[in-house]
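Because the structure is predicted, anything quoted here is derived from the model rather than measured. Hydrogens, waters and symmetry mates play no part in the numbers below; they use all other heavy atoms, side chains included. Residue numbers start from 1 in every chain, and the chains themselves are labelled A, B, ... in the order their sequence lines are given, proteins ahead of strands.
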Amino acid sequence: MRSEHVSFRAGPQIDMALLLCVVAISTVGVLNLYSATSVYIGVKAVVADNYVSQIYWIVVGTLFGILFAAIDYRFFERIALFAYAGGLVSLGLVFVLARNIRGAARWIPIGSFQFQPSEFMKILVILVVAKFIHNDPKTEPRTLVDLALPLLAALIPAALVAKQPDFGTAMIYLLTTLSVLAMTRIRRKSLAWLAVVLGVSTPFVWKYILKPYQKNRILSFLDPEQHKTADAFQAIQSKIAIGNGGLTGEGFMQGTQNQFGYLPDQFSDFPFAVFAEEQGFVGCVVLLGLYCFLCVWAVHIASQAKDRFGAAIAVGVGAMLFWHVIFNLGMVLGLLPVVGVTLPLFSYGGSSIVTTMIGLGLLMNVSMRR
Amino acid sequence: MDLLVQRSDVGEFRRRYHWMALFVISTFAVLVGRLTQLQIFEGEVHRQEARNNVVHERKLATTRGVIRDAYGRVLAANRPSYNVYVVPIAVDIDQVWPRAAQFMGLDAAEEAALRDKILALRAEIGEAKVKRAQSDPKRALALERLCNPDSDDSDVDPDNPAPAPTQPGACRQILLKSDVDRDAVGALETHSGELTGIVLVPKAVRYYPYGELGAHLIGYMREVDADMLRRLSDKEKYGAGDRIGATGIERRWESYLKGSRGWRKVVLQRGGHEIDEQRAARYLDEPRRLEPIPGRDISLTVDIELVKSMHDAIRPYKSGAVAAVDVRTGRILGLMSSPGFDPNVLSGGAGMKAAKEAFQRLFSDHLMLPLLDKTMSATYPPGSTYKPFTALAALANALDPGMEVDCHGGLRYGKRWFGCLGVHGHVNLHQALIQSCNTYFYTLGMNLNIDQLARVSMDFGFGVKTGVGANPEARGRAPTHAWLMRRYGGQFVQGFTINAAIGQGETEVTVLQLALAYAALANGGTLYQPQVVRSIETSDGTVVQEFPPRVRRVLELDHDHLTLVKSALAGVVNDKHGTAHRALLPGLDVAGKTGTAQVAVQRRGMTDAEYEWRHTAHAWFAGYSPVGSPEMAIVALIEHGGGGGTIAAPVAMKVIHDWQALKEKRLSATVPASDSGRAAP
């Protein structure tokens, strides 16, 4: 009996909770995009075809996700460094080949597609940091020198994307890496040093690294009255939209802020404002519950993982999703400055969807092989 | 499986998972807390902000009341007019523009100038944006609609314009032509499908069918500018660019004529395009609409045909005024001031440029003062037309009407010589009035207290505003002892009274005052408040208010004195020695008095032509008709025209003649109607 049971558990088994959660969020995301991209021309609402391409991207992303779930994740441990190197090269290529869209050079044109290497780099950073942790077991607490290598692995691509300029993605690299490293035991003294280094570098980052528009975003967040920029307009209007939702919302495709043009970037960075206006507090709590479950579930998968590599991947993917959600919602809810970070499975964009799906595929991978 | 990688120890991580999960959950709890704040606690506030974004009030234009004359003829009304705008971003400069220019009948120079203007604005917007807009006809049309603030019955609220367009500058439009003619409107409407970027905007324009006739009385319209807006007491009713009555009835009765604007709530997209009503309904609170109330119509007491007669009679002369009032009611039958102006032009009916030019021309004419209403806003020395009132004052002061004065062509009083226009020999009161003998009236003046004369004058309404309620009134002056003492530093001489006795010196009257005073003479001593508005009606013709005649004062006149003066006034016209006898037209029954009022001018600083004009006497005739049971009192003034009997009296006679003809025409028009009524079984 017992041996039979063990052998039955040994085969890969699909994590239904994870699957259902992802299907639910994706479905709501596409519907929300449908509403977000409908605009009035004349007297009729015209829906742009963004939602159709979003569905295509979800299909493509799912195929990638299945691929990344099917191959045993330990395979990725072996190719992590090569892939990471390749990722760095393509990030470099952005500066050579990229088309400039809205003041930021992030995309490499491949045929008729716009390929955004910085998105995929998120997965590669997770893999390379996981590999490091996997290969460096320690019983005593770690020092800063021990953590220098994985931090460098995040800092190099972060510096490259910050130069594009894409400060949001750079932060995702760093925070995801730090989240993974947070699993390890670190010497108290080293943590203190880390805090000091961060504290000291802040003014330098402000003075030499941040671009004027980024400074403006932060200033306008701190004091919206004094800095009436376009960003401040977005932040104010998104707050109004969310509040307008009230308890039960204006109803699908009925939100005035969205339908009548008061939510710029409603399908890329502010889809949650559209959702909150139309579905209200009730809808928002359900959606936040799904995202929260996803993140906690990733931690759960990590805790069940058989090895350090799997656990690190699970935490890494979970952290990546978590920080995306927190930064995006923090911005939309007016708790954080405007940072161009997408809301996973909600925001429009192929690279983002495919990256998220690959991450979820890896999560499924770890979950199936615990 | 284990071939790929060696399993590594996960023990190091074990203690962290719970903390991580806790961190995740508490962070999400913060987000939910924020949502609670925004959606539950502040939900109503943000709902209101969201509504404020999209819900706007569009003002609904009202129609200004119509002004009619006593017989229902329209004197001021509204006519539709169309302004043509071009939306540079939406117009195709090679295909559409030349056709539009052709439809509007622009000549080559105008066309080129406007084309340059369009191209300049397009360069400002950016040629790339223009190209993108025009690549798709639907997009161009949408832009045209978006840019057109006034595509339906509403007019844009200037205080609260639609929210700024998302592309500033892209939506600007250029006025091509205002008030385009009917053919052009037709052509533009027929081809509107092919003329993307050309916009027709309807706008009501005040229209005065009789043009210059009665223009001073009716008035004209002007645009409310920012400066005026600040001064207006009921500013909430006006916006910059609105029209407001500038003078005359249009101004004085503005609050009745104007009507009140309505509004309707609309949902606007960001950028200003309106969402259709069905879709917008769920975002709008009740009430969603307030209907505009059209202005009240006003019926005047004036007969425009009579005004036309006055206009024709006065046409040979440069400047003057005629007033006719109903002796029995004080209602004004006609007012005419010359030279005049075309209120259509001044009200902008021929375009703002034409209006501006007309104003410049009219205001710069300091000699003729065409904008001045000479019937009530200006005063003149009345001259001999004043003599009946001197006579009444003297009779009240125990003058024997049989007393005779020997006229040698003037009279010496103290060191001064007071001249007469003729040598009349022995004249009594009757003859003195008929022949207008100054010497006789000088003699009366020598024995009269100036305050007695002033008392009688003021009883007849001189020196006091009549309260007609049209244009600003001049007060005029019946000088009193006190006033003259003040004016001349305490030096009163009897010469003042002697001059006042013949309506000269400091005595000044308005044409309207004189007409009302003669009406009071004619009707036996009832001084009426002049009325120019007979009734106020709603736009569907229901009478809201009627104005019955109002008596200002009933004078206590001695019947014998009045009879004496009136018979002399009849003699002025009908006696062969009368000063107006030669002006009498056959078939007329008129009494009256001529006047030739001297004017004292300083020659210094004047051109010869101006001096020639200014030093000539004013020609007056004041009278009434018919003599037995007077109906109409009339005053004609030819400014610096010369002799009253030769210049002014014929003008008055012609008007009286036309008035009789009009009366007969109206009678004959009504009689057959009553005949046929009687003939019916």
J.: To the nearest 0.5 angstrom, please state how far the CG atom of A/L333 sits from the CD atom of B/Q37.
T.: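 If we round to the nearest 0.5 Å, A/L333:CG and B/Q37:CD are 9.5 Å apart.
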
J.: Between B/R51 and A/N244, is there a side-chain heavy-atom distance shorter than 4.5 Å?
T.: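 Side-chain contact under 4.5 Å: yes.
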
J.: Taking B/Y283 for the side chain and A/T256 for the main chain, is one N or O donor matched with an acceptor at less than 3.5 Å?
T.: no

J.: Between A/A182, A/G249, A/G334, A/G255, which has the largest tally of heavy atom pairs under 4.5 Å with chain B?
T.: A/A182

J.: After noting the C-alpha distance and the side-chain angles of B/F28 and A/F322, does the key distance pass the side chain to side chain contact (heavy atoms under 4.5 Å, CB included) rule?
T.: CA-CA 10 Å; B/F28 272 95; A/F322 174 77; 4.0 Å; yes

J.: Check the pair B/Q39, A/I242 against side chain to side chain contact (heavy atoms under 4.5 Å, CB included), reporting the backbone distance first and the verdict last.
T.: CA-CA 6 Å; B/Q39 298 194 299; A/I242 293 163; 3.7 Å; yes

J.: Tell me, side chain or backbone of B/I40 under 4.5 Å from chain A's heavy atoms, or both, or neither?
T.: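 Contact with chain A is through the side chain of B/I40 alone.
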
J.: Does atom CD of B/Q95 have more than 12 heavy-atom neighbours, drawn from other residues, nucleotides or ligands, at distances under 6.0 Å?
T.: no

J.: With a 3.5 Å cut-off and no angle check, do the side chains of B/N53 and A/Q237 form a donor-acceptor pair?
T.: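 Yes, a side-chain donor-acceptor pair sits under 3.5 Å.
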
J.: Where does B/R47 contact chain A at under 4.5 Å (heavy atoms): side chain, backbone, both or neither?
T.: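 Contact with chain A involves both backbone and side-chain atoms of B/R47.
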
J.: Taking every non-hydrogen pair under 4.5 Å, which of A/T184, A/L329, A/V285, A/V296 racks up the most with chain B?
T.: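 Looking at each of A/T184, A/L329, A/V285, A/V296 in turn, A/T184 comes out on top.
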
J.: Considering only heavy atoms from C-beta outward, does the side chain of A/K239 approach that of B/E42 to under 4.5 Å?
T.: no

J.: Is it the backbone or the side chain of B/V267 that comes under 4.5 Å from a heavy atom of chain A, or both, or neither?
T.: side chain

J.: Which atoms form the tightest heavy-atom contact between A/C295 and B/V24, and what is the distance?
T.: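 For A/C295 versus B/V24, the nearest heavy atoms are CB-CG1, 3.6 Å.
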
J.: Is B/E277 atom CD crowded by more than 12 heavy atoms from other residues, nucleotides or ligands, each under 6.0 Å away?
T.: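 Result for CD/B/E277: open.
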
J.: How far apart are the closest heavy atoms of B/M20 and A/V315, and which atoms are they?
T.: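 Smallest interatomic distance, heavy atoms only, reads CE-CG1, 3.8 Å.
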
J.: Taking the side chain as every heavy atom from C-beta outward, state whether A/L335 and B/L31 have any atom pair closer than 4.5 Å.
T.: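 Of all side-chain heavy-atom pairs linking B/L31 with A/L335, at least one is under 4.5 Å.
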
J.: Is it true that, when you exclude B/E189 itself, more than 12 heavy atoms of the residues, nucleotides or ligands shown sit nearer than 6.0 Å to its CD?
T.: yes

J.: Looking only at heavy atoms, what is the nearest atom pair of A/E250 and B/R282, with distance?
T.: O-NH2, 3.2 Å

J.: Shorter than 4.5 Å, heavy atoms on both sides: which option in B/L22, B/I25, B/V30, B/T27 has the most such pairs with chain A?
T.: B/T27

J.: Sub-3.5 Å donor-acceptor pair from the side chain of A/Y262 to the main-chain atoms of B/A50, do we have one?
T.: no

J.: What part of A/W323 is in contact with chain B, defined as an atom under 4.5 angstrom from a non-hydrogen atom: side chain, backbone, both or neither?
T.: side chain

J.: Do you know which of A/A319, A/C292, A/G318 has the most heavy-atom pairs under 4.5 Å to chain B?
T.: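 Most pairs with chain B among the choices: A/C292.
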
J.: Within a strict 4.5 Å, meaning less than it, do heavy atoms of the A/Q257 and B/E49 side chains meet?
T.: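 Of all side-chain heavy-atom pairs linking B/E49 with A/Q257, none is under 4.5 Å.
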
J.: Does any part of the side chain of B/T36, heavy atoms only, come nearer than 4.5 Å to the side chain of A/F281, both counted from C-beta?
T.: yes

J.: So, for B/L268 and A/F260, which heavy atoms are closest and what is the spacing to 0.1 Å?
T.: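 Minimum heavy-atom separation between B/L268 and A/F260: O-CB, 4.2 Å.
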
J.: List for me each residue that meets ring pair (Phe, Tyr, Trp, His ring centres under 6.0 Å) alongside A/Y291, sequence neighbours excluded, and say none if there are none.
T.: none

J.: What distance do A/S179 atom OG and B/F23 atom CZ have between them, rounded to the nearest 0.5 Å?
T.: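 Answer for the OG-CZ pair, A/S179 versus B/F23, is 7.5 Å.
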
J.: Is the NE2 atom of B/H18 crowded by more than 12 outside heavy atoms at less than 6.0 Å?
T.: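 Counting neighbours around NE2 of B/H18, 12 or fewer heavy atoms of other residues, nucleotides or ligands fall under 6.0 Å, so no.
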
J.: Out of A/A311, A/A302, A/G245, which one racks up the most heavy-atom pairs below 4.5 Å with chain B?
T.: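 Ranked by heavy-atom pairs under 4.5 Å with chain B, first place is A/A302.
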
